[in-house]
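These values consider heavy atoms only, across backbone and side chains, with no hydrogens, waters or symmetry-generated copies. Lettering of chains follows the sequences in order, A, B, ..., and the numbering in each one begins at 1.
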Amino acid sequence: MEALEMYTVDRTSDVYTEELRLNLGPQHPSTHGVLRVELQMDGEIITAARSDIGYLHRCAEKIGENVTYLQYTPYTDRMDYLASMNNNLAWSLTVEKLLDIEAPERSQWIRVLVVELNRIASHLIAFGTYGIDLGANTPFFYAFRERESIMALLEKISGARMLYNFIRPGGVANDIDDAWMDEVLAFCDDFDKRWDEYNRILTNNHIFIKRTANIGILTKEMALAYGCTGPVLRASGVKWDLRRDIPYLKPYDEIEFDVPVGMGTHGTLGDCWDRYWVRMREMRECTSIIRQAIAAIPDGVHMEKKMERMYKTPLTPEPGEAYMRCENPRGELAFYAVSEGGKSPIRCRARAPSFCNLSVLDKLLPGTMLADGVAVIGSLDIVLGEVDR
Amino acid sequence: METLIGVFEQQLGLEGVWALSAAYSVCIGSLLGFITVYAMFAIWMERKVAAHMQVRMGPMETGAWHGWAQSIADAVKLLFKEDIIPSQSNKVMFWIAPAVVFCGVFAGFIVIPFALGLQIADLNLGIFFLISIASIEVIGVIMAGWASNSKYSLFGAIREAAQVVSYEIPTATALLVPILVVGSFRLDDFNLWQEANGWLIFHSPWMMLAGLVFFISSLAGCKRAPFDLPEAESELVSGFHTEYSGMRFSFFFLEEYASMFVASAVMATLWFGGWTIPFVDMSTWTDPDSFGLSDVAVTSIGIVVLLAKTFFFIFVQMWLRWTLPRLRVDQVMTLGYKYLVPWGFVALVMTAIFKYYGWGWFPN
Amino acid sequence: MNESEIISRMREAGLGGVGELDTSAADPFVVIEADSLRAAMLFLRDDEACAMEMMHCVTATERKASIEVVYHLCSYEHHHSLTVKVICERPEGGTHDNWRPAVPTVADIYAAANWHEREQYDLLGVIFTDHPDFRRILLPQEWIGHPLRKDYIYPSEHGGIPLELDAIPLYMEGGEEAVAAKKAERPAGEPLNQPPSKYSARPDAGGKAPESSEGKVNNSRDSAH
C-alpha cells in the first residue's frame, strides 16, 4: 500500500495512537464489486482514504475501436450491467447523432418504456443493497422480488434477462404488443403498493435514519466540482435532470414528471439519506412516466427501414464526432464517438456516471467511522463494471 | 447432579469419586448433545424464519420435509472441511480461542433449571455465576481476533470487548430487579415464586422495564442484530471469525446459538415463570388423586413449558435480526450508557420503593 | 448562449489562443492552444454568462497527425455546453514509444478532471503537467505502455500470466485477407516490446525460471508450507 500522507499523528506528544491501514476490498462484501479503498484509521474513525479502481477493466474503449458501430451495442450492456437498456440507448443515440438520423416515433416511446422500467430495476438494486450495507438483509429480497418481475417483462420483449441489447441505432430490436403493455401497467400498480412497503420496513426505520442522516454530506459545490450527476447531484439540491432539461427523446418533452431533489429531511442537505430518498422517489416518477407513455404510445414502425442494412454491411458514418449525454439511473452517461469514415470509430469514449460519482469518495470518507464509510459507498450507488469499463 | 450421584452410588454401587465422575460424564454428555441438537434446530429455524420473512422458502430439499436435515448436512460438511490456519497467525491462541468461547456459554447451561429438579448444579448464586461465567466468552473472542492476524478480526474483537463489557452493566442491573423482589439468587426460587404468585413481568411497570432492558442488553451480549457489530458482515467481512473455517468456525456458530438459548432461558425463568405454570402446582400431578402422572411425564411437561417460552424469545431475536439495520459503534455505546443503564437503575430503585411499600399488581 | 456567442465572449475578455468554431461535426467545437487552456477554463468556469460549472468529460483522441484532448463542458444554469479541443501535433516519427504529448492540467480548476486526466494518461499517454496526483488509474502502476494508442502492441504476458491475444481488428480495410495477412505477420504469444516480467517462469517469453526463493510464484500446493 502506498503511503497516505493526508493525516499525520503528533508523534512528539507522550502518548499517541498509531493509525491502522486497512484495505477495504477489492474483495469485500460492501464495496459493490471490485473496488479497493485504502483507509487510514484512527480506531474506528477514517482519517484518510484513497480509492483504487481498475480491477474490472475490460478495455471496453479499445474494443469499441475494433468492432463496428452495431457490434458495440452488446458491449455497452456490460458497462452498467444493472441498467443495460439505458446504456444501449446512450450508444444508439450517439450513433444516430453521428449518422444524423432519428429513430421512428414509436420506437422512441418504446425506448422510454423500457428505459424507465430498467431504471426502476436499477434503483431497486440500489435500495436493496443499501439495506444490506447497513445490516438490514430483508429489504434486499423484497427489492429482488419486484426486480424479478421487471426482468421477466423485459425478457419477453428482448429475450434476455439482464444484458438486453434491445435498443439499437435506428430503433429497437422488437416491437411490443398491447398484452405486454397491460402487464407493465399491472406491474406499475403493484409496484406502487410495494413501494409503501419498502418505506415501512427501511426508509422510516429509526435506526436506518440514524445511520444515514448527516453522514457523508456532499455539498452542492462539491457535487458540481467533482462532476457528480444523477441522484447524487440531485440529492445535493441541484434540480437537474437531462430528461427534463435537455430532452434527448421526444416523449420526455411531452410527459409530465417531477424531478425529486434532496431536501435534508432528517439532517443536512446532501447526506446519505437524501441520496437514498431521491432514488426512492424517482422510482415513483418512473411508474408515472411509464403509465403516461403507455397511454400515449403511437402506432408505427419500431425500426428505421433503411437502418436494416446495418445488419448486412457495417455502417460507415461520415467523418465527424458526436457526444451524447443520457440520464442513466446512476447519472449522466455520455458516449463520445469519433468517426473517420471507417467501419468502426477511431475513438469510442464512455463517460461513466459512476466513475465521476466515485471520485468524490476520497473527500467524503475522512472523518467518518468505518460503518459510515460503507454507508457512503452504498449511497453513491456505483457499478464497478461502469467505473472500470 | 446430587440426585445423579445418589443414583450411581446406591443403585450401581459406585463409590465416591467414581460416582462423581460418572455423574459428571452423564451431565456433560447430555448437555453437549442437547446443545448440538438445539443449535442445529435453531439454525434451521433461523433459516426458515429468515426465509419466510423474505418471501422465499429457505432450505426445502435436504431431508424431504422442509429441509429438516439441512443443518445436519452442514454440520457434516463443516466437520469434513479442510482445517485452515493462517500461516501468519498465532497458532496456539488461534487453536484455543473457539474452545474458550464455547466453554463460557457451555458453563452457563449448568445452572438453568429445565424442569422440577432437572438442573445440573443448583447453585445458591446461580444468577451471579451466570453473569460471571458468560464474560469468559469475551476473552476467547479477543484471542480469536488477535490470533488471526487480520485487521478485520482485530476490529471485530475490539468491538466485541467494548460492547459486551459495556452491556454487562445494564444486564446485571436489570437482573437485580427480580432478585430484589424474590430475594434469592437461586434460579429455581424464581420458578417456585412465580408458580405461587404469577409471572414476575406483571409485578409492576418497572419490572416490565427491567425485562425490556435485560432483553435488549442480552441481544448485545449475544452479538445478535441490531448489535452484531463484532461480526458486521457488511463492514468487517465476518469480524473476529473472518479467518476461521470448518470445525473451528462452527464452534463460534454454536456459541452464538447457545448464548441465545441461555439469554432466552434466563429471560423466561426470571420474568416468565420458567418451567412452571402460574398457580398450578405441578408437583401434585404425580398424586394418583389428580392426574396420576409419572415423574418423567411431569418433568417432560416442565421441559416443554420452558422450551416453549425460550423458543419464543429466540424467535423474537431472529425476528429482530431480519428486520432491523445494524447500529453503529458509537450508537451502540450511546444506547448502552445513556439509555439502558439509567433505565435499569430507575427500574431497580422504583422496584425497591414498590417492594418497600408493598405496591404493585400482585404485591408480595 | 450558443457556442459562437460563448467564443465571441471569450475573445472580448481578451483571451488569446482561441480558435474559430468548427461546425463540421455534429457537436461544434473550438480549438484552444495549450498555453492558454488554463486561462480559458478559468474564464469559462467563473464568468457569469458562461457559468460552465460542470466538466463533463475529458477525452484524448489519437488521429494520424495529432492527439486531441477534448473537454466537454456544460452549464446547469444556462443549459448550454461547449466542446473545447487542444491539439497536440505529432512530431516527425512520433510513436507510442517515444512521444507523449503534454497538456496543462485543469484538475485544480475542475476537480472532476482529476480522474479523467489520469485515465487519459493511463490509456493514451497524454502528460497533464502539474497534475496533483499523476498516477495510472485503471491499469496496474507497473504497466508499460498506453493501450489506447493505435500503435500499441499487446504484451504477451503480464506478471507471469500469458496473454494469448493479438490486437487484430475484426474489420479491416481489405477484408478477411488483410486480417489473415496481419495475423501471419505477428503470431500470438510472440515476445513484444514489453519486457517479460521478472517473475516469469516462461522460457518462451524470454524470462528465466526463478532460482531464488524471492519472487517465486507459488502455484503448486506441494510447495506451500
Problem - Region of C/L139 that comes under 4.5 Å of a non-hydrogen atom in chain A - result: side chain

Practice task
Check step by step if salt bridge (Lys or Arg N to Asp or Glu O under 4.0 Å) holds for A/E327 and A/R243.
Solution key: CA-CA 6 Å; A/E327 186 72 34; A/R243 291 175 292 168; 5.7 Å; no

Exercise for the section: Look only at the side chain of C/H80 and the backbone of C/C50, and say whether a donor-acceptor pair between them is shorter than 3.5 Å. Expected result: yes

Problem - Given C/I6, C/D46, C/D47, the one that forms side chain to side chain contact (heavy atoms under 4.5 Å, CB included) with C/M52 - result: C/I6

Problem - Member of A/T73, A/N328, A/D77, A/N165 meeting the side-chain hydrogen bond (donor to acceptor under 3.5 Å, both in side chains) criterion with A/N87 - result: A/N328

Practice task
Measure from the side-chain N and O atoms of A/K62 to the backbone N and O of C/P147, and report whether any donor-acceptor pair falls under 3.5 Å.
Solution key: yes

Handout entry: With sequence neighbours excluded, residues passing salt bridge (charged side-chain N to carboxylate O under 4.0 Å, His left out) with A/D258
Key = A/K239

Problem - Contacts with chain A made by residues 102-115 of chain C (heavy-atom distance under 4.5 Å), listed by residue number - result: C/Y110, C/A111, C/A112, C/W115

Handout entry: Interchain contact, C/E77 with chain A, by part (heavy-atom threshold 4.5 Å)
Key = neither

Problem - Top contributor to chain A contacts, counting heavy-atom pairs under 4.5 Å, from C/R136, C/E119, C/R45 - result: C/E119

Practice task
Could you look at C/R149 and say if it's the side chain, the backbone, both or neither that has a heavy atom under 4.5 Å from chain A?
Solution key: backbone

Problem - Interface moiety of A/L56 toward chain C, non-hydrogen atoms closer than 4.5 Å - result: neither

Exercise for the section: List the steps, then state whether salt bridge (Lys or Arg N to Asp or Glu O under 4.0 Å) holds for A/R347 with C/E68. Expected result: CA-CA 11 Å; A/R347 183 79 169 95; C/E68 298 169 353; over 6 Å; no

Problem - Interface residue of largest heavy-atom contact number with chain C, from A/R349, A/R325, A/E221, A/E321, under 4.5 Å - result: A/R349

Handout entry: Donor-acceptor contact present, side-chain C/D122 to main-chain C/R135, <3.5 Å
Key = no

Practice task
Check the side chains of C/R100 and C/H146 for a donor-acceptor pair under 3.5 angstrom, ignoring hydrogens and angles.
Solution key: yes

Practice task
Name the region of A/E318, side chain, backbone, both or neither, that has any atom closer than 4.5 Å to a heavy atom of chain C.
Solution key: neither

Fill in the blank from the handout: For residues 216-242 of chain A, the ring pair (Phe, Tyr, Trp, His ring centres under 6.0 Å) pairs (sequence neighbours left out) are A/W240-C/Y76, A/W240-C/H79

Problem - Considering all heavy atoms, the nearest A/V278-A/A235 contact - result: CG2-CA, 3.8 Å

Practice task
Pull out the residues in residues 54-63 of chain C that come under 4.5 Å of chain A, heavy atom to heavy atom, sorted by number.
Solution key: C/M54, C/H56, C/C57, C/V58, C/T59, C/A60, C/T61, C/E62, C/R63

Problem - C/H131 and C/F134 aromatic centres sub-6.0 Å - result: yes

Fill in the blank from the handout: Heavy atoms of A/P231 and A/G331 approach each other most closely as CD-N, 4.3 Å

Practice task
Let me know if A/L242 has heavy atoms under 4.5 Å from chain C in its side chain, its backbone, both or neither.
Solution key: neither

